[in-house]
Enquirer: 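Got a structure for you, questions after.
Everything numeric in this text was worked out from a predicted model, so none of it was measured. Per chain, numbering begins at 1; letters A, B, ... match sequence-line order.
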Amino acid sequence: MIWCAAVLPNTNTNSMNRWFSCFLFNIVTPAHIVRLYDRFEALDKEKTGHLRPQDFGAINRLAMNPIGDRIIGAFFSPGQETVDFHSFVRILAHFRPADKKRPKDPSMPEPVNSRTSKLKFAFQLYDQDKDGKISRAELLQVLRSMLEMQVTEEQLESIADRTIQEADLDKDDAISFEEFRKSLEKVNIDHKMSIRFLR
Amino acid sequence: PLRRYASPGIALARSAEEPSATTEDGGESHRHGGGFQMVQWEWSYVQTPYIIAIWILVASVAKILFHFSQRFTTVVPESCMLILLGLVLGGIVLLTSKKQLYQLEPGLFFLFLLPTIVGDAGYFMPARLFFDNLGAILLYAVVGTLWNAFCTGFCLYGVKLLGVIDQKVQAGLMEFLLFGALISAVDPVAVLAVFEEVHVNETLFIIVFGESLLNDAVTVVLYKVYMSFVEVGPENVQTADYFKGVASFLIVSIGGTMVGLIFAALLAFITRFTKKVRIIEPLLVFLMVYLAYLTAELFSLSAILSMTFCGIGCNKYVEANISQKSRTTVKYTMKTLASIAETIIFIFLGISAVDKSKWAWDTGLISCTLIFIFVFRALGVVMQTWVLNWFRLVPLDKIDQVVMSYGGLRGAVAFALVVLLDAERVPAKDYFVATTIIVVFFTVMFQGLTIKPLVNWLKVPRATNRKPTINEEIHERAFDHCLTAVEDIAGLNGYHHWRDKWEQFDKNYLSKLLLRKSVYRKSELWEVYQKINIRDAISVIDQGGNVLTSARLSLPSMASRASFPEVTNVTNYLRENGSGVCLDLQVIDNVPGAKVEEESETHHFLAGNLYKPRRRYQSHYSRHFMTVGDHERQDREIFQRNMKSRMETFKTTRHKRHSHKKDRSQKKAGIPKRNDWISCGGASGVEDEKGEHLEPEKEEDVGITFVARKVPDTPKERPKSGVSEPSMAPPSPTCSERNLPWKGGIGTLPVCVSMEATKIIPIDLQQAWNQSISSLESLASPPGPVEPLHPASAPLQAGRAEEGALSDQEQELQPLMSSSVRPPGPPPPPPLAQGLGRRRNPCVYLRSLVTAPPPGSEPLARSRGPTQL
């Protein structure tokens, strides 16, 4: 705790406790925390201890990312305008590679870097209205931003239709999380949704 | 090398064939014997290509024979069998001519055999996987190979000093280091041959295989450096020479890579402009890739690196630029060449071993070499992996390391290099050659044989031979963007950051320069989407399924031209049919076997009997396929006009019948238009070719699938569609294939047909279409209440996949209609058809005329689907 306080002078005790709990859950290592805190401070131009969407928007390359705004949105829980360091780390921890050595403990809550959590994170990037389903319109939006102007609307629609038909098991013209997971069953999510530096 | 290779061939051929054939001397004496010789023995004229061809034939036959027994080939790798065969053949040659005439000539190997394999490997290298693991590959290729080379060399020298190796082996430190350098490189040919059958997971494969390709630079440099050291003598080597060696390594590797990339860019750029001469596209690919190899060799750079990077670099752009047919050609030719080269290499490795001059056996040297290369390989892998795992996202675990150590196979490269040694400068050459042969045989045969059980026993994750679904494609792209964004947010320039930068650069500059405009505008994901659709359709057809029945199928390529309110696809269709991915013929529609047979007979009959002369006249051969002469176009025009006027007269003279229309409406909904092929009255044939009103598709690869359907005759007759057997399109389409509108886009698409034909018709032609439809409908329905009497319908379908066969048919149908000649006397049609066609109705369906079964008709499924364009 002393170490924490030294590293994170700005954080209040409450958020530090929560942060410490996530440390206990072995989500990120101290070295990561230090590194991410530096980054957090660099982003937090006004030194409020909270990041606002426009702070993220200041990252140049993020503006070029077709789904950048969605990812920024993922940092903010509904109704909240800012994100504190704890949530910041917690979101980024999704991209930590799963630790194979750690024994599975059913009593523990599922770590944020588990396969399901990673998938949930990806799913909510699509599911912007948070109704638990990726509707055709939502999928189209993502496709449109990812494909830019290279394709016609008809092509987009046929891709979206096909995607939904392929994944849609209960014929409701939308992809639920369960269907989303099924459609990616064969993909090694841990490889594709992890970043090495968080290891 | 060719000449060297061939010259012993004469001797062999003589010795082998003298008893049965005229000897060369005999031939000459005949020649001088006077007068004109009707038959001459021209062996010396043809011998070189003849011997090469014979060897390739032997290799191919050997391959065929091995694959007779499925159980055998799953246990024993092909490479082992080929080496054994080589040993047997070598034994035969040795027995017959007392001296080994053949061996794996380094020149032949490096200039012809190796490039085919490396070219194939480079061109079809999974680029993303390769670059994802590039760090590991480079580490193993450079550090690992250096480690192996030095350790093996020094240790062999040490063992020699200890006296384990016989004194006869006259070799000093430099010789052993040289030997260590050539024996330590993992061989791409052997790795490919063995790992292809083992199917370990992609990461493991790409690391071992990538290493085997990229270590070439190290091997080449070490080999050259030591050769020069051996030449000047170790005592004369100066410190500067070591630095020169290092510099040489950098030049050889980077230079080779650069040469490869330059050729890749050149190749991609050239294929931008081959639209009019599609036929040379595959040749260009082979040529440039091979030139990359030769150019690197010319400047004594790493040829393998050059070729590999040329393949990797150009693949994306070339594949996008060239036509689908060229893609298939490139793929098959490369695979054929590589496979045959591999076969020849292993056979010749076997043959080379059976040679007295190579039996300079020294147990100490051989056993020490075997032990050292194995031990140092394992040690090296473990140490490097330990280092690597600090940096890798997905660490390589122990099982991977075991497979990687065990998969360090030595092969033909080592053999060719050791044969190249100069016996005067390296007195121990014979011992080295013998040792290399043993090492190669041991690794390829013993390790190759046991690696499969080992992999099974260790439960190494296997590769799945699964193609990604559209969902996976989309989501993985999203993941990539996501990871890039997270790296940006976390403020570090990691792998994803750089990959994204590269993709931006590629999109903004490279692709613009190297891709055709039409291709550049297409989205990659859209291409993937189309590919998946096509794949589905092909798999449906392969399984004997039937893509034409579902009224909601759509041609993916058409979606851009006409927006479908409800675009569906094969996968969906499959799902709805309740059969998941696999589609059974019976599930879709009941297609009685007899009917299929009948139709195929029809086809066969048509193909066999109708208007050959006309066809010959019409078909137009062109080297640069697709050029349509004005002449043919004119003919076509005249023909069309004739047809139109003919139809008009028919329309006025005939009373309209609508009963048929009703039938039609009872059929499956969503089949708006059909193209009905009608032949009217034995004497005057009339056919409506509504297709004529359509313009040919512009894009060569995006074609229309055409289905002709006979007017259904019985009310209960349901629209069915047959599926054509997928077959390769003819190499050079005939002119009518080009001219017929529905043939316009010969190319990629398999039989996957939109039912909503109207949507595809350009709007300005819609009216013409409708008119002719209505006129035709009146014609199509026979004047009498014929429904019950109609024979089983035998419509035609000209699916893309069977263009070849069907275009013939269509060509032959046209003269029939235009010249109003009776079809050449077919044998009496089956009773039903006869009843309808002859007695009741002047309007006879062409098909009923020709349903008489010709002997030996090939089974060719006919479509009963509605007309599609």
Side-chain angles (χ1 to χ4, degrees), chain A residues 35-36 38-39 42-43 56 59-62 64-68 70-72 75 91-92 94-95 97 100 121-122 125-126 139 142-143 146-148 150-159 161-163 165-167 175 180 183-184 186-199, chain B residues 132 203 391-395 397 464 466 468-492 494-497 500-501 504 520-526 528-529 532-533 554 556 559-564 566-569 571-573 575-576:
Chain A
R35 179 164 192 174
L36 289 177
D38 286 346
R39 178 66 179 168
L43 290 177
F56 286 101
I59 305 172
N60 267 338
R61 291 198 54 84
L62 204 56
M64 288 161 64
N65 197 312
I67 55 171
R70 285 160 188 270
I71 287 158
I72 294 172
F75 278 87
I91 297 291
L92 287 180
H94 279 103
F95 297 94
K100 276 180 200 148
F121 185 87
L125 293 180
Y126 291 93
L139 185 64
V142 176
L143 282 175
M146 283 205 304
L147 296 178
E148 291 168 6
Q150 286 169 314
V151 285
T152 63
E153 199 61 25
E154 285 91 10
Q155 289 176 330
L156 271 182
E157 277 170 20
S158 35
I159 295 177
D161 283 332
R162 171 159 187 155
T163 310
Q165 281 153 14
E166 200 180 81
I175 302 174
F180 183 73
S183 73
L184 291 170
K186 304 252 169 59
V187 178
N188 194 336
I189 297 296
D190 192 38
H191 291 191
K192 308 254 172 182
M193 279 287 274
S194 297
I195 293 179
R196 202 198 57 76
F197 84 99
L198 288 169
R199 202 154 75 85
Chain B
D132 280 358
T203 316
F391 301 100
R392 274 181 72 85
L393 170 65
V394 189
D397 53 23
T464 48
R466 198 180 51 88
T469 63
I470 189 84
N471 266 287
E472 289 167 9
E473 289 279 354
I474 290 175
H475 298 324
E476 282 180 21
R477 262 155 229 265
F479 292 166
D480 281 346
H481 287 305
C482 193
L483 291 187
T484 313
V486 168
E487 281 196 355
D488 289 335
I489 289 173
L492 81 172
Y495 173 71
H496 297 281
H497 174 86
D500 194 59
K501 273 211 158 151
Q504 291 290 334
Y520 178 68
R521 269 187 265 109
K522 284 184 195 161
S523 158
E524 223 174 293
L525 192 56
W526 174 248
V528 168
Y529 165 74
I532 289 175
N533 264 2
S554 73
S560 54
R561 302 183 57 197
S563 68
F564 296 75
E566 184 189 333
V567 179
T568 54
N569 52 59
T571 318
N572 179 46
Y573 167 60
R575 186 161 290 144
E576 299 211 341

Enquirer: At a heavy-atom separation under 4.5 Å, does A:Ile159 approach chain B through its side chain, its backbone, both, or neither?
Expert: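 For A:Ile159, heavy atoms of backbone and side chain both lie under 4.5 Å from chain B.
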Enquirer: Listed by chain and number, what are the side-chain hydrogen bond (donor to acceptor under 3.5 Å, both in side chains) partners of B:His496, not counting sequence neighbours?
Expert: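 B:His496 satisfies side-chain hydrogen bond (donor to acceptor under 3.5 Å, both in side chains) with B:Arg499 once adjacent residues are dropped.
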Enquirer: Return the option, out of B:Ile474, B:Thr484, B:Asp132, with the maximum number of heavy-atom pairs under 4.5 Å with chain A.
Expert: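 Greatest number of close heavy-atom pairs with chain A: B:Ile474.
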Enquirer: Would you call B:Glu487 and A:Phe95 a side-chain contact if the rule is heavy atoms closer than 4.5 Å?
Expert: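 Not in contact.
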Enquirer: Check whether any side-chain heavy atom of A:Leu184 sits under 4.5 Å from a side-chain heavy atom of B:Phe479, and report yes or no.
Expert: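 Yes; the side chains approach each other to less than 4.5 Å.
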Enquirer: Run the ring pair (Phe, Tyr, Trp, His ring centres under 6.0 Å) test against A:Phe75 and tell me which residues pass, sequence neighbours left out.
Expert: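 A:Phe75 satisfies ring pair (Phe, Tyr, Trp, His ring centres under 6.0 Å) with A:Phe56, A:Phe88 only.
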Enquirer: With no hydrogens and no angle check, is any side-chain donor or acceptor of B:Asn471 less than 3.5 Å from a backbone partner on A:Ser183?
Expert: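 Not at all, since once roles are kept as given, no pair shorter than 3.5 Å links the two residues.
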Enquirer: Of the backbone (N, CA, C, O) and the side chain (C-beta and beyond), which part of B:Glu476 lies under 4.5 Å from a heavy atom of chain A, both, or neither?
Expert: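 Answer is side chain: those atoms of B:Glu476 sit under 4.5 Å from chain A.
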Enquirer: Between A:Thr163 and B:Glu473, is a side chain to side chain contact (heavy atoms under 4.5 Å, CB included) present by the stated rule, with each step listed?
Expert: CA-CA 10 Å; A:Thr163 310; B:Glu473 289 279 354; over 6 Å; no
Enquirer: Please report the shortest heavy-atom distance between A:Ile71 and B:Ala485, naming the atom on each side.
Expert: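 Closest pair (atom of A:Ile71, atom of B:Ala485, distance): CD1-CB, 3.3 Å.
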Enquirer: Measure B:Asp500 against the heavy atoms of chain A and call it side chain, backbone, both or neither at under 4.5 Å.
Expert: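 For B:Asp500, the contact with chain A is made by backbone and side chain together.
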Enquirer: Do you know which two heavy atoms are closest between A:Arg39 and B:Asp488, and how far apart they sit?
Expert: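 Closest pair (atom of A:Arg39, atom of B:Asp488, distance): NH2-O, 2.8 Å.
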Enquirer: Pick one of side chain, backbone, both or neither for A:Ile91, based on which atoms fall under 4.5 Å of a heavy atom in chain B.
Expert: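 For A:Ile91, neither part sits under 4.5 Å from chain B.
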Enquirer: Run the side chain to side chain contact (heavy atoms under 4.5 Å, CB included) check on A:Arg162 and B:Ile532 step by step: do they pass?
Expert: CA-CA 10 Å; A:Arg162 171 159 187 155; B:Ile532 289 175; 3.3 Å; yes
Enquirer: How many angstroms lie between OH in B:Tyr529 and CG in A:Leu156, if you round to the nearest 0.5 Å?
Expert: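 B:Tyr529 OH to A:Leu156 CG: 11.0 Å, rounded to 0.5 Å.
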Enquirer: For residues B:Cys482 and A:Leu125, report the shortest heavy-atom separation together with the two atoms involved.
Expert: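 Nearest pair, atom of B:Cys482 first, then A:Leu125: SG-CD1, 3.7 Å.
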